[in-house]
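The block underneath contains the structure these notes are about, expressed in structure tokens.
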Amino acid sequence: MFLKVLFSVLTLVSVTWAACDRATLQAATAALVKAQTSGNTAILPITVNTTYMENDTPLALTSGVLTQAMKIDLTLSLHDTTHCATFTEMIAASAAHPYVLMTRMLFSSNGSTITRIENVVADAGDWLFNAKGSLSNAKKESWGAVDAAKRDSREVIKAAGDAYLDSWADGKVKVPYGSPCARLEGGSYTTNCKMPVFPQEFISAGGAKNRRYIIDEEVGAVDIFNDFPFLDKMKPNGTASTNLVRVESGLIRYIHEVTICTNKNCGR
Ligand SMILES: *[C@@H]1O[C@H](CO)[C@@H](O)[C@H](O)[C@H]1NC(C)=O
Ligand SMILES: *[C@@H]1O[C@H](CO)[C@@H](O)[C@H](O)[C@H]1NC(C)=O
Ligand SMILES: *[C@@H]1O[C@H](CO)[C@@H](O)[C@H](O)[C@H]1NC(C)=O
């Protein structure tokens, strides 16, 4: 009885607090994919006040990659109804100019308009970039909704993603790697997800910082946009990077990383 009451109170609270609904956010990510496919940004719910960033640089949306029509071979989206935000990965492997795009969108409080778009736009020369590899490896994975009874909380999902990023600067951090676990890094694939601790320059620069999260409990995933120091020799204080992490029963199952390089493979 107590549990029943508690459950209905929690349900009521979550309904009252819901910032925006899933259907609204799903319509927006569908529009994003359609805009990228057609090169027509006018179909997005943007306003004159929508901020657009490409690889951390502010840009007019009309000068950005979204105006380049291209065939999208694979998409994967997260819908964060608590923070009214979305994440979309788009792989264009068969396009004349191949791309892997990782896009974060923020919305007005009821989800009706996009206030900000942060686009991490990877192409030839970016870290381990190989769109065909990204596509063939991502296709093997299962990113379907997690059964309602098996879903992890936002906190568990976020903590798993944070532990993974924290471990790059501190080998003592315990990361809940699953078995199996697979990481798609650029276009390369490994089933050994464990990362070594990066050199002191990475740690001194504050590690993976300016973390921006999109969490979707239904998909059991978080994407963390961050400033990644050290790797790009031209941007030692941090280059645009993003990590998509799928968690199953508290353990990391898949990781997709995209990191932008000023020069070919970050000068390494
Ligand atoms: C844009 O921002 C300005 C200044 O805050 C505001 O007055 C205006 O209503 C906004 N327009 C739209 C379409 O959101
Ligand atoms: C959302 O808010 C905007 C402006 O605040 C309003 O014009 C619009 O009708 C609202 N949409 C919904 C679905 O409530
Ligand atoms: C990196 O940050 C340091 C400390 O804020 C600053 O002195 C330096 O100029 C920055 N380097 C680059 C390449 O932006």
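Order of appearance sets the numbers: ligands from 1, and atoms from 1 within every ligand.
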Between Y189 and Y254, ring centroids under 6.0 Å: no

Heavy atom of protein closer than 4.0 angstrom to [atom]:
atom	value
atom 2 (O) of ligand 1	yes
atom 11 (N) of ligand 1	yes
atom 14 (O) of ligand 1	yes

Just to verify, what does K140 make a side-chain hydrogen bond (donor to acceptor under 3.5 Å, both in side chains) with, not counting sequence neighbours? N137

NZ/NE/NH1/NH2 to OD/OE distance under 4.0 Å, E141 and K139: no

Salt bridge present between R22 and D216 (N-O < 4.0 angstrom): yes

What is the closest protein heavy atom to atom 6 (C) of ligand 1, and at what distance does it sit? N49 ND2, 4.1 Å

